[in-house]
Amino acid sequence: MPVCAAALALAAACAWMWVGASLDPEPGDGAGLAASDIVEEASPDQTNEETETVTSGGLVVTGPEEFMGSEELACLEEQVAELEEQDVDLGIVVLDLETGYSIEYNAEEQLYPASSVKAAYCAMVCEEYGGAGELSWALEECLINSSNEAYELLRDTYGLDVFGDWLEGVGATEASERAREYGYPDISAGELAEVWEEIFRYGTSGEDGSDELVGALSATNYTALGELLRDEFEVWAKPGWYPTDEYDLTSTNDAGVVFSDCGPYVIVVMTSMNSDLYGLLPLADALNAAHGALCGGSTELLYDETVAIPGY
């Protein structure tokens with residue numbers, strides 16, 4: 001059995017133990033480059049020749065032609081195909097913040113973000129108000145422990161109109177309208193990637209409130225990305241998950257910024273899996289390795305049976 005297929009099978013075998021542990025009941029230091037090493041906003045290298053290719057499996061790749069024949073891309077396509085065979089809805093974006101190289105899959109479909117959207121709201125609070133002030137504890141609980149009660153308190157305090165305006169300003173225009181009415185608006189992987197591009201810009205800017213936000217995003221619990229990659233790299237991340245119930249909003253997502261050994265990149269993984277963060281691990285691993293192959297970094301697969309998500 002191929003390595004990726006074996007990894008996915010292992011994750012599926014373990015997932016039943018964890019489905020009931022969701023903390024998302026409300027519906028709707030390593031070898032990498034650290035954030036402190038970023039002295040100015042990254043911009044695409046205009047000297048790199050690149051092509052945009054749609055693979056037979058539907059991945060949209062922007063990058064050097066030699067990546068198209070890589071084992072890492074083949075592994076990623078295998079992961080995506082196996083999830084599609086299980087009728088899992090997927091939205092994926094990997095965007096290298098230095099070269100502009102990217103990998104996307106179904107990036108325009110609106111999906112339920114569950115608690116992954118809390119990163120966007122908390123970024124808005126920190127940017128617009130210079131931090132959460134007396135509610136800093138609530139912002140920390142909202143991000144680190146994914147507290148729904150803390151998120152509700154923040155929404156009651158700052159409101160939703162300002163959230164919709166902020167989302168529109170960063171490029172998440174479709175989600176912005178729903179966000180003015182609902183704190184968990186459907187959003188596409190592409191628009192969530194826009195949010196994380198802004199979080200990266202703000203988080204590395206030194207602006208008021210940025211350290212507060214980054215401190216929490218660097219220490220989030222329940223994140224597949226963090227548990228897989230934080231031994232190697234600095235990772236800012238916020239997961240979200242929701243189980244099967246009468247609302248029919250099953251969801252498992254993780255999104256953030258990875259400060260890899262070849263530079264920082266945004267990663268967004270949105271799925272309709274039933275509250276299954278362990279099920280994200282093989283896909284996240286394949287995406288990280290594919291980014292390394294795309295941009296000249298590590299391509300080692302890190303997922304094995306020892307990877308655990310404490311508390312989930």
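Nothing here was measured: the structure is a model prediction, and the numbers come from that model. Every heavy atom of this structure was used, including side-chain atoms; hydrogens, water molecules and symmetry mates were not.
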Working to the nearest 0.5 angstrom, can you tell me the gap between E152 CD and T157 OG1? 10.0 Å

Could you check whether the rings of Y242 and Y112 sit parallel, tilted or perpendicular, using 30° and 60° as the cut-offs? perpendicular

Atom of L143, atom of A216 and distance for their closest heavy-atom approach: CD1-CB, 3.7 Å

The single option from V258, L228, L225, V257 passing side chain to side chain contact (heavy atoms under 4.5 Å, CB included) against F233: V258

When rounded to the nearest 0.5 Å, the distance separating CD1 of I103 from CG of L95 is 10.5 Å

With rounding to the nearest 0.5 Å, note down the distance linking CG in D276 to OG1 in T250. 11.0 Å

Mind checking side chain to side chain contact (heavy atoms under 4.5 Å, CB included) for A138 and listing every partner two or more places apart, or none if nothing turns up? L135, A150, L153, L154

Less than 4.5 Å apart, any side-chain heavy atom of K118 and any of S115? yes

Excluding sequence neighbours, so at least two apart, what forms side chain to side chain contact (heavy atoms under 4.5 Å, CB included) with E300? S298, L302

Should I309 and I144 be regarded as members of a common hydrophobic cluster, given that ILVMFWY residues are connected when their side-chain heavy atoms come within less than 4.5 Å of each other, either directly or indirectly? no

So, do S56 and E77 sit near enough that their side-chain heavy atoms are less than 4.5 Å apart? yes

Checking side chain to side chain donor-acceptor pair (under 3.5 Å) for the pair S188/E174: CA distance, chi angles, key distance, verdict? CA-CA 9 Å; S188 67; E174 289 193 52; over 6 Å; no

Verify, without hydrogens or angle tests, whether N253 (side chain) and P239 (backbone) share a donor-acceptor contact under 3.5 angstrom. no

Let's go through L287 and I92 carefully: what are the C-alpha distance in whole Å and the side-chain angles of both, what is the deciding distance for side chain to side chain contact (heavy atoms under 4.5 Å, CB included) to 0.1 Å, and is it a yes or a no? CA-CA 9 Å; L287 286 165; I92 295 170; 3.7 Å; yes

Under 3.5 Å, is there a donor on one side chain and an acceptor on the other for N145 and S147? no

For A290 versus E72, what's the shortest heavy-atom pair and its separation? CA-CB, 3.9 Å

Would the distance check show the side chain of N274 and the main-chain N or O of S251 forming a donor-acceptor pair, the cut-off being under 3.5 Å? no

Strictly by salt bridge (charged side-chain N to carboxylate O under 4.0 Å, His left out), give each pair with a member in residues 203-227 just once, sequence neighbours left out. R201-E207

Using every non-hydrogen atom in the two residues, find where A179 and L167 come nearest and quote the distance to one decimal. CB-CD1, 3.4 Å

Report yes if some heavy atom in the side chain of L73 is under 4.5 Å from a heavy atom in the side chain of F67; otherwise report no. yes

Polar side-chain atom of S136 near backbone of G133 as donor-acceptor pair, under 3.5 Å: yes

Between L90 and M270, is there a side-chain heavy-atom distance shorter than 4.5 Å? no

Nearest 0.5 Å please: distance from the CD atom of E82 over to the CG atom of L283. 11.0 Å

Look at the side chain of K238 and the backbone N and O of L217, then say whether any donor-acceptor pair between them is shorter than 3.5 Å. no

Starting from the C-alpha separation in whole Å, work towards a yes-or-no answer on side chain to side chain contact (heavy atoms under 4.5 Å, CB included) for C295 and Y265. CA-CA 10 Å; C295 298; Y265 70 93; over 6 Å; no

Who clusters with V54? Use side-chain heavy atoms, under 4.5 angstrom, across I, L, V, M, F, W and Y, and order the result by chain and number. V60

Passes side chain to side chain contact (heavy atoms under 4.5 Å, CB included), V117 versus I187? Steps please. CA-CA 9 Å; V117 79; I187 190 170; 5.6 Å; no

Using a distance-only test with no angle check, is there a side-chain donor-acceptor pair under 3.5 angstrom linking Y222 and D254? no

Does a side-chain heavy-atom distance below 4.5 Å link L294 with D96? no

Does atom CG of D156 have more than 12 heavy-atom neighbours, drawn from other residues, nucleotides or ligands, at distances under 6.0 Å? yes

Judged by atom type as modelled, is there a donor-acceptor pair below 3.5 Å linking the side chain of Y129 to the main-chain atoms of M124? no

Check G292 against T299 and note the closest heavy-atom contact, atom names and distance. C-CG2, 3.8 Å

Would you confirm whether Y202, through its side chain, and S210, through its main-chain N or O, come within 3.5 Å as a donor-acceptor pair? yes

Not counting sequence neighbours, which residues clear ring-ring contact (aromatic ring centres under 6.0 Å, His included) with Y121? List them please. Y151, F163

Output for pair (T204 OG1, I199 CD1), nearest 0.5 Å, gives 11.5 Å

Residues which pass salt bridge (charged side-chain N to carboxylate O under 4.0 Å, His left out) with E168, listed by chain and number, not counting sequence neighbours: R180

Between C262 and E98, the two heavy atoms sitting closest are O-OE1, 3.6 Å

Exam field: side chain T271 to backbone M273, donor-acceptor pair closer than 3.5 Å: yes

Flag side-chain contact, heavy atom, 4.5 Å: L59 against E104: no

Is it true that a side-chain atom of S102 and a backbone atom of V94 form a donor plus acceptor pair closer than 3.5 Å? no

Can you find a heavy atom in the side chain of E127 that is under 4.5 Å from one in the side chain of E198? yes

Kindly determine whether W236 and E234 satisfy side chain to side chain donor-acceptor pair (under 3.5 Å), including the steps that lead there. CA-CA 7 Å; W236 307 347; E234 181 175 350; 2.8 Å; yes

Hey, is the main chain of P113 close enough, under 3.5 Å, to the side chain of S116 for a donor-acceptor pair? yes

Side-chain contact, heavy-atom cut-off 4.5 Å: T62 with T51? no

Gap separating the SG atom of C122 from the CD atom of E140, nearest 0.5 angstrom: 11.0 Å

Please step through side chain to side chain contact (heavy atoms under 4.5 Å, CB included) for the pair D186 and R178, ending with a clear verdict. CA-CA 7 Å; D186 285 3; R178 289 183 290 274; 3.8 Å; yes

Look only at the side chain of Y312 and the backbone of T223, and say whether a donor-acceptor pair between them is shorter than 3.5 Å. no

Tightest non-hydrogen contact, residues G159 and V162, listed as O-CG1, 4.0 Å

